[in-house]
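Here's the structure we're looking at; comments come further down.
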Amino acid sequence: MTGKPILCVDDDPYVRSCIKRLLNVAGYTCDCAGDAHEARRLLAVHDYAVVLCDIGLPGESGLVLLSELAALPATATVMVTGNDDPYTADRALALGAHGYLTKPFVPNDLLIAVAGAVHRSRIEESRSAQLESAYATIAASEEELRRAYAETVARLGRAMEFHDLATGEHVERVAESARVIAVELGLTTVVAERLRLAGPLHDIGKIAIGEAILRKPGELSPDERGAMERHTDVGHELLAGSGNELLELAATVAWTHHESWDGSGYPRGLAGDEIPLAGRIVTVADVCDALTSDRPYRSAWTPEDAFAYVIEQRGRKFDPAVVDAFARSLVRHEEAVAV
Ligand SMILES: [Fe+2]
Ligand SMILES: [Fe+2]
């Protein structure tokens with residue numbers, strides 16, 4: 001008989017050699033351990049189908065080893081013990097033992113118990129293989145969903161380009177620098193990546209703004225400015241309420257990316273921590289990118305001038321912690337480029 005080996009754990013060398021001989025004759029491979037410590041060492045390096053485990057081991061009870069073996073569902077444990085107390089047998093079975101064999105036993109009792117345990121081990125093994133492939137399928141479809149979402153968002157962002165020429169690449173750059181700032185702030189990569197995915201929709205509300213205003217060269221009139229500022233509310237209305245985590249984050253960002261740390265922003269005049277962190281991060285990324293791009297009403301600033309403006313607005317327009325993270329991310333980027 002081939003297959004995975006069997007481990008016999010018993011402090012009595014005579015019992016160990018009897019069991020090993022019986023199993024070898026029946027075609028099984030068998031390793032032996034005289035105590036729980038030795039058993040753990042062998043279990044760490046070999047994959048056993050069955051563990052035959054004595055209860056009265058030196059130093060500690062075999063029941064302790066049995067409870068540890070619960071972590072290996074494809075290894076079936078049979079307690080082999082001189083203790084024929086039904087209470088102990090019940091405890092062992094409750095702890096996950098597959099069988100309970102009392103000493104002394106006749107050879108066939110052992111072989112039948114081992115055959116049953118090997119069978120159980122094979123069933124568990126195929127079950128865990130099935131579970132693993134089910135998990136892999138779920139992970140693949142989650143990844144597919146995530147990709148579909150990212151793709152949809154990217155296309156929505158690109159659709160905006162037809163309407164507002166400045167928007168297309170701008171939203172992508174803003175989303176990426178928001179991700180970098182989030183990482184610099186110590187947020188997890190998962191959260192930062194979520195911000196990168198939600199970021200491109202921050203100006204989606206501009207879809208409701210007339211081209212005459214969006215593309216107007218020169219200053220906007222107060223009425224036009226009011227209409228322009230509505231893109232935050234419109235974006236929020238468009239994106240909120242789906243229950244989808246990413247879309248809700250995108251809705252929050254759309255709503256709050258023109259709020260200012262000192263309360264002078266729009267649409268609600270929120271201040272400080274009232275502004276969701278995602279909004280505070282995207283504000284910095286958005287302003288910096290907008291300043292360094294040509295707009296119908298002005299030409300692009302140099303990166304140095306834009307950076308100086310961001311620093312000047314630290315604690316006024318922008319959250320100081322976000323500005324600091326932004327500055328650190330620039331230094332890091334320059335160091336990387338210099339290398
Ligand atoms: Fe905006
Ligand atoms: Fe923007």
Side-chain angles (χ1 to χ4, degrees), residues 153-182 194-216 219-220 222-240 246-270 275-301 303 305-307 309-310 313 317-319 322-323 326 329:
V153 166
R155 276 159 201 262
L156 261 177
R158 241 171 277 151
M160 282 295 297
E161 248 174 306
F162 292 102
H163 188 59
D164 174 10
L165 300 175
T167 300
E169 288 174 2
H170 160 74
V171 294
E172 288 294 332
R173 286 193 305 265
V174 169
E176 173 56 18
S177 72
R179 183 193 68 77
V180 172
I181 295 172
R194 224 175 267 159
L195 197 53
R196 194 193 65 77
L197 290 172
L201 295 183
H202 72 271
D203 276 337
I204 194 75
K206 285 189 178 172
I207 219 145
I209 315 251
E211 285 182 11
I213 297 180
L214 284 180
R215 300 185 186 181
K216 180 177 174 180
E219 287 280 312
L220 298 178
D223 276 357
E224 289 167 337
R225 175 140 297 283
M228 182 69 141
E229 292 182 356
R230 267 189 31 88
H231 82 276
T232 49
D233 288 316
V234 173
H236 177 249
E237 265 171 56
L238 272 174
L239 298 167
L246 276 167
L247 283 175
E248 294 299 341
L249 177 62
T252 299
V253 167
W255 207 12
T256 59
H257 73 281
H258 286 286
E259 297 289 1
S260 294
W261 183 252
D262 61 7
S264 64
Y266 64 87
R268 290 178 289 165
L270 302 179
I275 310 164
L277 180 59
R280 281 181 264 149
I281 292 173
V282 171
T283 305
V284 173
D286 187 33
V287 169
C288 195
D289 190 80
L291 291 177
T292 50
S293 313
D294 281 323
R295 286 293 154 97
Y297 45 89
R298 59 151 172 79
S299 47
W301 290 20
D305 287 349
F307 181 67
Y309 175 77
V310 170
Q313 292 296 322
K317 194 171 176 56
F318 305 127
D319 176 351
V322 174
V323 170
F326 174 67
S329 76

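In this text, all values refer to a predicted model and were calculated from it rather than measured experimentally. Counting starts at 1 for both ligands and their atoms, in listed order. Below, each value reflects all heavy atoms present in this structure, side chains not excepted, and no hydrogens, waters or symmetry copies.
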**Message:** Can you tell me how the ring of W255 sits relative to the ring of H236, calling it parallel under 30°, perpendicular over 60° and tilted otherwise?
**Reply:** parallel
**Prompt:** What are the two closest non-hydrogen atoms of I275 and R280, and how far apart are they?
**Reply:**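 Here I275 and R280 meet closest at O-NE, 2.8 Å.
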**Asked** If you look at every heavy atom in I281 and A178, which pair is closest and at what distance?
**Response**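 So the minimum-distance heavy-atom pair works out to CG2-O, 3.6 Å.
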**Prompt:** For the side chain of E259 and the backbone of R268, is there at least one donor-acceptor N/O pair under 3.5 Å apart?
**Reply:**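 Judged by distance alone, yes, a pair lies under 3.5 Å.
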**Message:** So, of the N/O/S atoms that H202 has, which is the nearest one to the Fe ion (ligand 2)?
**Reply:**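 Atom name of the closest N, O or S in H202: NE2.
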**Asked** Angle subtended at the Fe ion (ligand 1) by NE2 of H231 and OD1 of D203, to 10 degrees?
**Response**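 Nearest ten degrees: 90°.
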**Complete:** Atom name of the N, O or S atom of H258 nearest to the Fe ion (ligand 1) is NE2
**Message:** Nearest 10°: the angle subtended at the Fe ion (ligand 2) by H170 NE2 and D286 OD1?
**Reply:** 80°
